[in-house]
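Numbering of ligands and ligand atoms starts at 1, following listing order. Since this is a predicted model, take the numbers as computed values, not measurements.
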Amino acid sequence: MHTYRPCALRTFVLKVQNARAARQFLGGLVSGDASSPQLATADQWREAHAYRVNLGITYDGLAALALPESSLRTFPDEFVGGSVAAAARIGDAADSAPEKWQEPFARRDVHLLIFLFITDKANAANSIETVSARLRALYGGTGACEELTVCDAGSLPGDVAHFGYRDGFAQPTIEGGPPPAIPDILPHASASEFLLGYENLTTDSVPEPPELCRNGSYAAFRILEQDCHAFETFLAQQSAQTQLDPELIAAKLCGRWRSGAPLTLFPNADDPQHEDPGSFARYNSFDYVKTDRYSPHDDYDDSRGYLCPIGSHIRRMNPRHSKVAGNSGLSHRIVRRGLPYGPPYDAANPHDGIERGLLGLFIGASLKNQFEFLMKHWANDGGFAGIGQTKDPILGDNSPADSKFVIPLEAGKKPVALRGLPRFIRTRGAAYCFVPSVTALRYLSALS
Ligand code: HEM
């Protein structure tokens, strides 16, 4: 699928112990010294690299690095409050509430997150330990930071995520960015939706100074536990009740077959060629409604959701040109990065007591108008698309007592309603991060 698709991710969660030493450590990540781990830059997308290092700094982290108050107060409220304050807004309640998160994510001493992505599959375990040792020597050996925890994730056999779907097909194509791994036919997203410092209608406040913020971004880091047993049980129960094939139900919930083939292009059966890269190169080239952008051969007319339910996960998360409240179908796009954690689910041993899920990064120039908007309005409220009080069947804050997912069938047939969806995804940790540019790290390291 993706040429440089990572196969492992280690996230180091650090607390700044000594501001000056920590700033020097960050400066070292952009020193140009090839013998030491360096921050990933856009150039790395054009060449093969065994690993990539990305960095996120929380608001508390910027304060702990002793960023001047004049700059700290220019950051937007949602970033300042962080993911704990956001919990109530985005459905992180009950078992997903910050009080139930893994240590140390609900604490305010989570300062830096270093994301080490390994792309060298043949040598992944070795590479991850080698680069980890070098990073630890840099931040630990100098007294710069204390390691609070690490979170590991890695690709599963068959490159599927938990729940059995292949992921990573749909990403926005960004104006001026690297070419998409899988082509898409949607209008390109402006770079300003993903990078700070450019005129951006969705960003209400660009922090200062420009050396720190220009070309930076924000990422919502999420540890999302997936209840695979509940998911498979739900598919089997609903299949027994509705006589629909469980694989079709799985496809309707997501909007894609577990192979990744989109329902819009393959409405009745999975793509028989889904192992063929030539076939899945088409998997992001579709829309839900007709627009004058497409040729008469690309006749997308699924405004009623007969092919792909309006309430399915991918149609909620990216309604494309569908009619939605505010006509904002393409205004809240997000870049996703992530990998599964925990071993594959084994139906023969469903209660193995091992946690599994997704370590995900949801990236955009505005946490409020991108990540939070998706979670609050599109995942947890069906009002935006005229489908009433329903929630995303995969991601939503559902409760079996009142949850519903409607599968429209063709014209003249009664829709099938699935009821009693539990919450399949539980938040286990989260952090809102500022993702600095190379210039920003040089600026930080030069602060006295
Ligand atoms: C464990 C939690 C999650 C699971 C199991 C999951 C699953 C999936 C799957 C299977 C796809 C289809 C693959 C693709 O289109 O590339 C997908 C797409 C997507 N997901 Fe999720 N997802 C999860 C969490 C989230 C979250 C938290 C967000 C954002 C708030 C999100 C936003 C999206 C978006 C934007 C797409 C692409 C839609 C498109 O452009 O067509 N997902 N997800």
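For Arg356 and Glu225, the salt-bridge test fails: no basic side-chain N is under 4.0 Å from an acidic carboxylate O. A salt bridge links Arg10 with Glu129: the distance from a Lys NZ or Arg NE/NH1/NH2 to an Asp or Glu carboxylate oxygen falls below 4.0 Å.
In this structure, the separation between CG on Leu212 and CG on Leu441 is 9.0 Å, given to the nearest 0.5 Å.
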Just list the N/O pairs, ligand 1 to protein, that are under 3.5 Å apart, with the distance for each.
unit_1   : atom_1 : unit_2 : atom_2 : d
ligand 1 : 15 (O) : Arg256 : NE     : 2.9
ligand 1 : 15 (O) : Arg256 : NH2    : 3.4
ligand 1 : 16 (O) : Asp167 : OD1    : 3.4
ligand 1 : 16 (O) : Gly168 : N      : 3.3
ligand 1 : 16 (O) : Phe169 : N      : 2.7
ligand 1 : 16 (O) : Ala170 : N      : 2.8
ligand 1 : 16 (O) : Arg336 : NH2    : 2.8
ligand 1 : 20 (N) : His313 : NE2    : 3.0
ligand 1 : 22 (N) : His313 : NE2    : 3.0
ligand 1 : 40 (O) : Asn318 : ND2    : 2.8
ligand 1 : 41 (O) : Arg320 : NH2    : 2.7
ligand 1 : 42 (N) : His313 : NE2    : 3.2
ligand 1 : 43 (N) : His313 : NE2    : 2.9

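When the options Arg222, Arg426, Lys100 are evaluated for a side chain to side chain donor-acceptor pair (under 3.5 Å) with Asp92, the one that passes is Arg222.
Sorted by first and then second residue, the side chain to side chain donor-acceptor pair (under 3.5 Å) pairs involving residues 395-416 (not counting sequence neighbours) are Asp397-Arg423.
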*Stepwise side-chain hydrogen bond (donor to acceptor under 3.5 Å, both in side chains) test for Arg320 and Thr264*: CA-CA 12 Å; Arg320 302 180 184 230; Thr264 310; over 6 Å; no

